[in-house]
Amino acid sequence: MAFYRPAIICICAVGILMAAGCAQKRQLPIYGSHTFNGKDTVYHTIAPFQFTDQDGAAVTNATFKDKIYVTDFFFTSCRTICPIMKTQMLRVYEATKNMPDVLILSHTIDPEYDTVALLHDYANRLGVESARWHFVTGVRDSIYKIAQTSYFTAALQDKTEPDGFIHSGAFMLIDKKSRIRGKYDGTKKEDVNRLIGDIKILRQE
Amino acid sequence: MLYEKHCSNCHQQDGQGLRRLYPPLAKSDFLKNNFNPFICTMKYGTSGSIVVNGVEFNKLMPGVPSLTELELAELATYITNSWGEQGGIVTIEQVSQALSGCAPQ
């Protein structure tokens, strides 16, 4: 019988290692600067904002209180990356259907053209509910500023670009404490799959 | 590929379009019944309310004015022979003829 003993020990060792590995859950990073105020670590959070959505309703930080949300910057008349981003965001919308604590926020970077009425028509044609997916317009400079300083993404008007704007195709994942927890390429299916997986991880926190 | 470069962002790889925002090109009755306008649409864009396979669409489609007659013929041939369709080859002559009926808007 002595012959079997090493094998049994070996199986036990593997079992213990696996259990230890599973207990250590994957954590999402927290983006931006971290400072220590003497008591706690203070993280970068999204600055206060107020925009108007496709129903003409005010959308502020309070709209996302105790919610996880995915956000991006686009404009309805864009022919380059935005239609792809919207195709992918629609996958996020479908994947989070049964998650009442997950919302989507799409900012237009062309607020002069993308009025409330136009965004309403756009959302309607996309077939999405305003309670779960807010398309917002507002003061142009406020939109550009929040893109750059809160979400660390690019949004600028530039007449030399094919569509008249410089913008990134990024999707940002924001947690219930208004902190950025992930950044994804909204034009790539695989990266959006990763985002959908990360939403599930974040909901466990 | 010309289709991927200029069209599939909106009309999708599989030509199915996107919900009620971008109309389908695959098996589109509208396209079949409006061949000449289709050529013009690629180059000059289009807008206004249209019905494709029973569904209403109404958004601006920007055209691609830089497309040459050869490229338009290639695109039209690709679209009318994809997604289970067999429309045959669209010639440059057909494209020239279609274009003579539309002017830049």
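Each chain gets a letter, A, B and so on, in the order its sequence line appears, and its residues count up from 1. Values reported hereafter were calculated over all heavy atoms of this structure, with side chains retained and with hydrogens, waters and symmetry mates removed.
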- prompt: Who in residues 33-40 of chain A is close to chain B, using a strict under-4.5 Å heavy-atom cut-off?
  reply: none
Where at least one partner belongs to residues 40-96 of chain B, residue pairs that pass disulfide bond (SG atoms under 2.5 Å apart), sequence neighbours excluded: Cys40(B)-Cys102(B)
- prompt: Residues two or more places apart in sequence or in another chain: which of them pass ring-ring contact (aromatic ring centres under 6.0 Å, His included) with Phe171(A)?
  reply: none
task: Would you indicate whether Leu60(B), at its atom CG, is surrounded by more than 12 heavy atoms from other residues, nucleotides or ligands within a distance under 6.0 Å?
output: yes
Geometric donor-acceptor pairs, no angle filter, chain A-chain B, under 3.5 Å:
| residue | atom | partner | partner atom | Å |
| --- | --- | --- | --- | --- |
| Arg79(A) | O | Asn9(B) | ND2 | 3.0 |
| Arg79(A) | NH1 | Gly63(B) | O | 3.1 |
| Thr80(A) | O | Asn9(B) | ND2 | 2.4 |
| Thr87(A) | OG1 | Gln12(B) | NE2 | 3.0 |
| Glu94(A) | OE2 | Arg19(B) | NH2 | 2.8 |
| Asp121(A) | OD2 | Lys59(B) | NZ | 3.4 |
| Asn124(A) | O | Arg20(B) | NH2 | 3.0 |
| Arg125(A) | O | Arg20(B) | N | 2.9 |
| Arg125(A) | NH1 | Arg20(B) | O | 3.3 |
| Arg125(A) | NH1 | Glu56(B) | O | 3.3 |
| Arg125(A) | NH1 | Glu56(B) | OE1 | 3.3 |
| Arg125(A) | NH2 | Glu56(B) | OE1 | 2.9 |
| Leu126(A) | O | Arg19(B) | NH1 | 2.8 |

